[in-house]
2 protein chains.
Amino acid sequence: MNAAPLRRLPPTLEAVAAAAGVSRSTVSRVVNGSTRVSPDVLTAVTAAIEELQYIPNRAARSLANRQTMAIALVVPEETTRFFGDPYFASIVHGITKGLEPSDYVLTLQLTSPFSPSEKTVRYLLGGNVDGALVVSHHSGDHFLASLGKELPVVFGGRPLRPDEQTSYFVDVDNTAAAEMGTQFLIDLGRTRIATISGAADMPAGIDRAAGWKRAMDGAGLRSDLLADGDFTMAGGARAMRELLDRAPDLDAVFVASDLMATGAVSVLRERGRVIPADVAVVGFDDSPAATSGEVELTTVHQPSVEMGEAMAHMLLALLRGEDPEPVNIMPTRIVVRAST
Amino acid sequence: MNAAPLRRLPPTLEAVAAAAGVSRSTVSRVVNGSTRVSPDVLTAVTAAIEELQYIPNRAARSLANRQTMAIALVVPEETTRFFGDPYFASIVHGITKGLEPSDYVLTLQLTSPFSPSEKTVRYLLGGNVDGALVVSHHSGDHFLASLGKELPVVFGGRPLRPDEQTSYFVDVDNTAAAEMGTQFLIDLGRTRIATISGAADMPAGIDRAAGWKRAMDGAGLRSDLLADGDFTMAGGARAMRELLDRAPDLDAVFVASDLMATGAVSVLRERGRVIPADVAVVGFDDSPAATSGEVELTTVHQPSVEMGEAMAHMLLALLRGEDPEPVNIMPTRIVVRAST
DNA sequence: CTGAAAGCGCTTACAG
DNA sequence: CTGAAAGCGCTTACAG
């Protein structure tokens, strides 16, 4: 007893061919946009397709031409973190936009940040997708880079180890961008500038901390005030408390993500600091978090949506068999708001 | 000139059969867990599969048995909203969990909240998925309900129009839950209780507003203070400002989502109200937003993760050809924190 | 319990 | 420009 309703079987290529009075080969050609079809045949076939509401069977097509027309969106993050940081929203938005004009669909693979689940690996290597996009603050692990020979993969964010030359990725120059953000604070006359960094095992975390240090060193300021905020709002708050305890006299803080900055701002106000009079704050990302908190944040803007699009375009190029630049570093800039 | 590297073709059923010295039928049986296989053959085949690292070709399998082993996650929301509200994170987390033990993969379809894109419809009806899960505050539209005959669909949230009997969905009793949240405020002795509702075109928005009104009416209190917050943080802030302007004397507010409550709390503090002394706040969801803001929120807890899981289970049952209860209403409860 | 054979709905050289 | 035919890698009655 199968409760599923019986459905009329969808029309096949065969049916269209019969309706149009041509062979299946011909229908296949028009479906796939081949030029070698005479005008009248084209018209007849198009009409038949329209009339029968024909939609090609994806499985049959995949089997025949060895393409799945699917792309995996691999997210090695905790679900809550992935959904909790607006930065990801922008990236995914960009990816969706970039893939829109193509016929590829996106498949979601939420997996552990440490090592991909067996199901994910099997899925990726089982010929279920034509390529993969990896989006994560952890993506520097490039755990899939080894699969680069098996499957075209594009990462969001540089590889953790520079020797992984095989990787394709799009990123910003996090070090230079963080240096710029910190320099902005220095130019404002601040001298006791702390930083709240992302986790030390993530390239974005490492590089932004390095950029802060470079600016501080360059200005002859002490770079002793660093606390790890782990790219979460709660972590940002925690780090801010720690920094305030260590250095009640700090007059500025460069925070490696807007989300963490939101947490930091709460703590600063809780402790009676006026922003920016007492403490100036510069964030990073220019995500919606920058403008949705208690104080609108001055921040280092990175073009997240465009980065997602660029990832999609790079993968699409790879899938076309082209040879795109493997590294795309996009520009950043400072956006000044109320927190400085 | 195709730049894509040549790859060794993956092993097929045929290869495994040869290696194990049996027919393809037999290998197919063990791959699919049929019981009608003798122990020694089972051992031999299993060994061959292991040795060759055989992974069944999904397209071939789909073509033969007319199952895609894919489920669409349809999200009729703006990308930023989808990613901006932690409620969705929990639902998707639950869905992922619920699908984990199965062999189904999840396909992501971000689409317009108003009408599904043509690409989405083609995808869903083109035999690319075996079923769909629709997650959205707008899901009451049940725009896909009409496809219910073509494709098993499970919604998060009740249909907007009660006559859509065909729908499968999981939800909470939003009216009762909102009434409970409001009653909690009444029992605290508050009398001038406002509400910030979700949008009026979404079932969750409508029902929670109705529940608030029911509690107010039941207590003989005036239910004149309602403002729409559109389920966003910014909307919550806007609504709070409006309510405060209209009724500076309000002493409590029931907010239809924690995310909106976060915005409302900011405004209340900005306007010098002490929470909960001057104004008590009750949210809805018990999402991470309830505890990540300036004040930990008392809120109506709904089991979002479990709801996602329930959606997955219901769809899986449908796909098995079973006949599950079409409606699953899950329990809610009050969680008391600092805002009351 | 096991195998031979047909069939799922396409694409793709190969002829013409 | 068009068609006949083989083949993609499985599953599934049907025999035995």
Side-chain angles (χ1 to χ4, degrees), chain A residues 2 7-46 48-49 52-70 103 122 125-130, chain B residues 2 7-46 48-49 52-70 103 122 125-128 130 321:
Chain A
N2 192 310
R7 293 174 201 136
R8 193 178 332 103
L9 290 174
T12 66
L13 237 206
E14 183 90 57
V16 175
V22 298
S23 74
R24 305 187 306 170
S25 311
T26 299
V27 177
S28 178
R29 286 187 195 99
V30 352
V31 168
N32 292 296
S34 166
T35 48
R36 333 210 108 277
V37 182
S38 67
D40 42 329
V41 169
L42 179 66
T43 314
V45 174
T46 306
I49 287 175
L52 296 179
Q53 300 256 52
Y54 171 67
I55 299 175
N57 178 299
R58 180 176 288 253
R61 186 180 264 187
S62 287
L63 185 56
N65 70 7
R66 294 158 170 291
Q67 285 192 265
T68 64
M69 298 313 282
D103 282 323
R122 278 179 64 90
L125 294 183
N128 300 297
V129 294
D130 295 335
Chain B
N2 192 309
R7 294 173 198 137
R8 193 176 336 99
L9 290 174
T12 65
L13 236 206
E14 182 90 55
V16 175
V22 297
S23 74
R24 304 186 307 169
S25 311
T26 300
V27 177
S28 179
R29 287 188 194 97
V30 351
V31 167
N32 293 296
S34 164
T35 47
R36 336 211 104 276
V37 182
S38 67
D40 42 328
V41 169
L42 179 65
T43 315
V45 173
T46 307
I49 287 174
L52 296 179
Q53 300 257 53
Y54 170 68
I55 299 175
N57 179 298
R58 179 176 289 254
R61 186 180 263 188
S62 287
L63 185 56
N65 70 7
R66 295 159 169 291
Q67 286 191 263
T68 64
M69 298 313 284
D103 283 324
R122 277 179 65 89
L125 293 183
N128 299 297
D130 295 336

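All heavy atoms count here, side chains included; hydrogens, waters and symmetry mates do not. Sequence lines set the chain letters: A, B, ... in the order given, protein chains first and strands last, and positions in each chain run from 1.
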Nearest to the [X] side chain among [options], which nucleotide is it?
X	options	result
N57(B)	dG9(D), dG9(C), dT2(D)	dG9(D)
A64(A)	dC10(D), dA4(D), dT11(C)	dT11(C)
R24(B)	dT11(D), dG9(C), dT11(C)	dT11(D)
Y54(B)	dC10(D), dT2(C), dC14(C)	dC10(D)

It should be established whether [X] places a side-chain nitrogen or oxygen under 4.0 Å from OP1 or OP2 of nucleotide [N].
X	N	answer
S23(B)	dT2(C)	no
R66(A)	dC8(D)	no
S38(B)	dC1(C)	no

Nearest nucleotide by nearest heavy atom, which residue falls closer to the 5' end of DNA chain C, N65(A) or A60(B)?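 Looking at DNA chain C, the more 5' nearest nucleotide goes with A60(B).
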Students often get this wrong, so: under 4.0 angstrom with heavy atoms, is [X] touching a base, only sugar-phosphate, or nothing?
X	value
V22(B)	sugar-phosphate
T26(A)	sugar-phosphate
V41(B)	sugar-phosphate
T12(A)	sugar-phosphate
R58(B)	nothing

Send over the distance from [X] [atom1] to [N] [atom2], rounded to a whole Å.
X	N	atom1	atom2	answer
M69(A)	dC10(C)	CE	P	15 Å
L63(B)	dC8(D)	CG	P	13 Å
R29(B)	dA4(C)	CZ	P	11 Å
L13(A)	dA5(D)	CG	P	17 Å
E14(A)	dA5(D)	CD	P	13 Å
D40(A)	dT2(D)	CG	C1'	12 Å
Q67(B)	dG9(D)	CD	P	21 Å

In this structure, are over 12 heavy atoms from other groups packed under 6.0 Å from N32(B) atom CG?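 It does: N32(B) CG has more than 12 such atoms within range.
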As a test of understanding, state which of T26(B), V22(B), V27(B) forms a side-chain contact (heavy atoms from CB on, under 4.5 Å) with V16(B).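 One option only clears the test, and that one is V27(B).
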dC1(C): pairing nucleotide in any strand, Watson-Crick or G-U under 3.5 angstrom: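 Across any shown strand, dC1(C) pairs with dG16(D).
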Approximate separation, where rounding is to 0.5 Å, of I49(A) CD1 and I55(A) CD1: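 The distance works out to 11.0 Å.
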Can you see which heavy atom on A59(A) is nearest to which on L63(B), and at what distance?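 Minimum heavy-atom separation between A59(A) and L63(B): CB-N, 3.9 Å.
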Kindly give the heavy-atom pair with the smallest separation between S62(B) and Q67(B), and that separation in Å.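 Closest approach of S62(B) to Q67(B): OG-O, 2.7 Å.
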Report the C-alpha distance between L13(A) and R61(A) in whole Å, list the side-chain angles of each, state the deciding distance to 0.1 Å, and finish with yes or no for side-chain contact (heavy atoms from CB on, under 4.5 Å). CA-CA 11 Å; L13(A) 237 206; R61(A) 186 180 264 187; over 6 Å; no
